[in-house]
Amino acid sequence: MGLYRGRFAPSPTGPLHAGSLVAALASWLDARAHGGQWLVRIEDVDGPRCPPGLDEVILGQLDALGLRSDEPPVWQSRRGDLYQAALDRLIASGHAYGCACTRAEIAAAAGPRPKHGELVYPGTCRHGTNGRPVRAWRFRVLGCIDWMDRRLGVQSQDLEAEVGDFVLKRADGLWAYQLAVVVDDADQGITDIVRGEDLADNTPRQIALQRALGRPTPRYLHTPLVLAEDGHKLSKQNGAAAIDLSDPESRLREAAARLGLHLHTADPLAEAIERWRAATIAGFPQLKDPP
Ligand code: GLU
């Protein structure tokens with residue numbers, strides 16, 4: 001097997017819950033099943049949304065579950081220089097441009113983004129700001145991106161129509177997730193991204209950025225989402241409970257079951273690695289229809 005470097009990249013906006021544990025476990029299992037490395041990266045790039053101390057809470061939760069980073073974790077909040085260098089490069093190559101529009105101006109000019117109700121930037125500043133001061137930096141998208149997911153198969157997104165020129169550096173000076181994640185995955189030599197299906201929609205933006213920066217595109221596997229009883233995605237935003245770590249093995253078994261792995265032995269992690277390896281070779285039959 002070739003080099004494999006995977007990662008789990010939580011945003012410390014809340015403690016791990018049953019849904020984020022599934023993504024953590026899947027990425028860990030995939031790395032272990034490939035004899036690869038697994039890294040933890042704290043995605044605290046959106047500082048105001050990350051209460052102090054939650055990074056350590058998450059690292060403690062992972063540790064209690066036996067999911068430990070093979071290298072010291074990195075914090076996005078300390079990596080601004082790398083993001084700035086990437087932005088400078090994108091500006092120099094014409095892939096990024098300064099935008100002077102306010103939110104209200106964009107709302108007035110843009111059409112709604114059908115899937116999420118987000119706004120598709122109408123491209124007002126693509127050819128300059130007409131002397132108005134630059135507020136944010138945007139990536140100039142072009143056409144469609146086709147990509148392959150190990151579970152979902154061939155995917156396609158029309159970036160221009162569905163997403164529009166997206167933000168790399170926000171008007172408040174914060175780095176956008178899309179840029180930080182691409183720079184970090186490339187800098188850390190990540191070969192395989194395993195994460196929740198809610199992020200699949202971001203993948204084409206990230207591939208476009210990788211190409212513009214001349215970096216390789218990793219393999220992708222998006223795992224089924226864990227739904228709350230009301231059918232909504234479990235998320236910190238809708239108050240998903242932190243995982244109860246009084247019985248870590250039971251939590252691991254539950255997360256594995258969400259991945260279609262029903263474990264029976266006393267060593268759930270070792271058993272899960274074996275089962276995951278077999279599933280990988282078979283093409284994830286147990287994940288085709290989300291449980
Ligand atoms: N930080 C993102 C989140 O917690 C995950 C990013 C990723 O895996 O690419 O939703």
Side-chain angles (χ1 to χ4, degrees), residues 5-31 37-51 54-59 61-62 67 69 73-79 82-83 86 116 118 145 147 149-152 155 157 163 166-168 170 174-210 213 215-226 232-240 242-243 255 259:
R5 279 168 71 83
R7 85 318 189 259
F8 175 56
S11 304
T13 52
L16 292 186
H17 53 74
S20 39
L21 175 55
V22 169
L25 179 63
S27 65
W28 185 88
L29 285 174
D30 203 50
Q37 290 157 329
W38 184 74
L39 313 182
V40 175
R41 181 170 73 228
I42 301 292
E43 300 212 317
D44 56 348
V45 77
D46 190 351
R49 287 186 55 235
C50 302
L54 272 169
D55 48 355
E56 296 300 338
V57 170
I58 291 173
L59 292 172
Q61 290 177 302
L62 290 170
L67 307 178
S69 184
V74 299
W75 274 257
Q76 287 190 327
S77 55
R78 303 174 191 166
R79 294 164 69 83
L82 283 174
Y83 309 145
H116 301 287
E118 282 174 38
I145 298 274
W147 59 286
D149 182 88
R150 289 164 59 200
R151 169 175 156 256
L152 302 169
Q155 306 284 305
Q157 189 180 60
V163 179
F166 56 89
V167 171
L168 300 171
R170 297 168 15 174
L174 293 179
W175 296 103
Y177 156 67
Q178 309 293 350
L179 179 68
V181 81
V182 166
V183 168
D184 287 340
D185 286 333
D187 180 69
Q188 296 189 284
I190 299 301
T191 60
D192 286 81
I193 292 178
V194 179
R195 59 185 179 189
E197 195 176 326
D198 54 324
L199 291 161
D201 200 42
N202 293 271
T203 305
R205 268 171 278 181
Q206 294 169 16
I207 293 174
L209 271 173
Q210 290 152 8
L213 288 165
R215 308 309 296 254
T217 289
R219 284 179 293 260
Y220 286 96
L221 169 61
H222 288 88
T223 56
L225 292 185
V226 177
H232 284 94
K233 180 201 151 197
L234 266 192
S235 75
K236 296 163 214 172
Q237 284 73 24
N238 59 33
I243 37 181
L259 293 165

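Just follow the structure's listing: the first ligand is 1, and inside any ligand the first atom is 1. Sequence positions, counted from 1, serve as the residue numbers for this chain. Everything numeric in this text was worked out from a predicted model, so none of it was measured.
No part of F8 comes within 4.0 Å of ligand 1, judged by heavy-atom distances. Residue-level proximity to ligand 1 for L199 is carried by the side chain, the only part with a heavy atom below 4.0 angstrom.
Applying the salt bridge (Lys or Arg N to Asp or Glu O under 4.0 Å) test to pairs two or more places apart or on separate chains, those with a residue in residues 14-30 are D30-R150.
The aromatic rings of W38 and F8 sit parallel to each other, their planes meeting at less than 30°, with 60° as the upper class boundary.
Nearest heavy atoms, I243 versus H17: CG2-C, 3.8 Å.
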**OP:** Step by step, work out the side-chain contact (heavy atoms from CB on, under 4.5 Å) result for Q61 and I58.
**Re:** CA-CA 5 Å; Q61 290 177 302; I58 291 173; 4.0 Å; yes

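For a threshold of 3.5 Å applied to N or O pairs, the pair formed by R195 and ligand 1 contains at least one separation below that value.
A donor and an acceptor atom, one from each side chain of R7 and Q188, are nowhere located under 3.5 Å apart.
Distances below 4.0 Å separate heavy atoms of V181 from the following atoms of ligand 1: 9 (O). Heavy-atom contacts of E43 reach the following atoms of ligand 1: 1 (N), 2 (C), 5 (C), 6 (C) (cutoff under 4.0 Å).
In this structure, R7 counts as a contact residue of ligand 1, since one of its heavy atoms falls inside 4.0 Å of the ligand.
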